[in-house]
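See below for the structure under consideration.
Because the structure is a prediction, the values reported are computed rather than measured. Numbers here are sequence positions counted from 1.
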Amino acid sequence: MSEIPQLLYYTAAVSGCAGLLYTGILFVVALVSVLASTPGLRKDARATLTILMRRRSR
């Protein structure tokens, strides 16, 4: 029984790291969509941001 709290801790830590990584990726793509030097790069970054931010209907 002593392994369950440790497993929950590691699960929460991995989930938190994954969330931070996803948020960082969204931030970088949003910056590129605003600051890119060419219109093509901005358009691609906005399309990628749209895909990443799409919410699935339940």
Side-chain angles (χ1 to χ4, degrees):
M1 281 277 237
S2 65
E3 295 174 2
I4 292 175
Q6 192 174 26
L7 180 64
L8 290 174
Y9 172 77
Y10 287 125
T11 303
V14 169
S15 298
C17 288
L20 285 174
L21 179 65
Y22 187 73
T23 302
I25 290 170
L26 285 177
F27 182 72
V28 169
V29 172
L31 278 178
V32 169
S33 71
V34 173
L35 301 175
S37 58
T38 63
L41 287 175
R42 285 193 300 267
K43 182 179 177 186
D44 290 343
R46 285 190 187 111
T48 304
L49 190 59
T50 302
I51 290 168
L52 290 174
M53 292 297 295
R54 185 174 301 153
R55 303 210 184 254
R56 294 183 180 152
S57 58
R58 295 177 189 205

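- The hydrophobic cluster analysis finds L7 isolated: no Ile, Leu, Val, Met, Phe, Trp or Tyr side chain comes under 4.5 Å of it, directly or through other members.
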Which atom pairs, donor and acceptor, lie under 3.5 Å between side-chain atoms of residues 12-21 and protein residues at least two apart or in another chain?
unit_1	atom_1	unit_2	atom_2	d
S15	OG	T11	O	2.9

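- I51 belongs to no hydrophobic cluster with other residues, because no ILVMFWY side-chain heavy atom falls under 4.5 Å from its own, directly or through intermediates.
- With values rounded to the nearest 0.5 angstrom, E3 atom CD is found 7.5 Å from Q6 atom CD.
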Name each donor-acceptor pair under 3.5 Å that joins a side chain in residues 25-36 to protein atoms two or more places apart or in another chain, with its distance.
unit_1	atom_1	unit_2	atom_2	d
S33	OG	A30	O	2.7

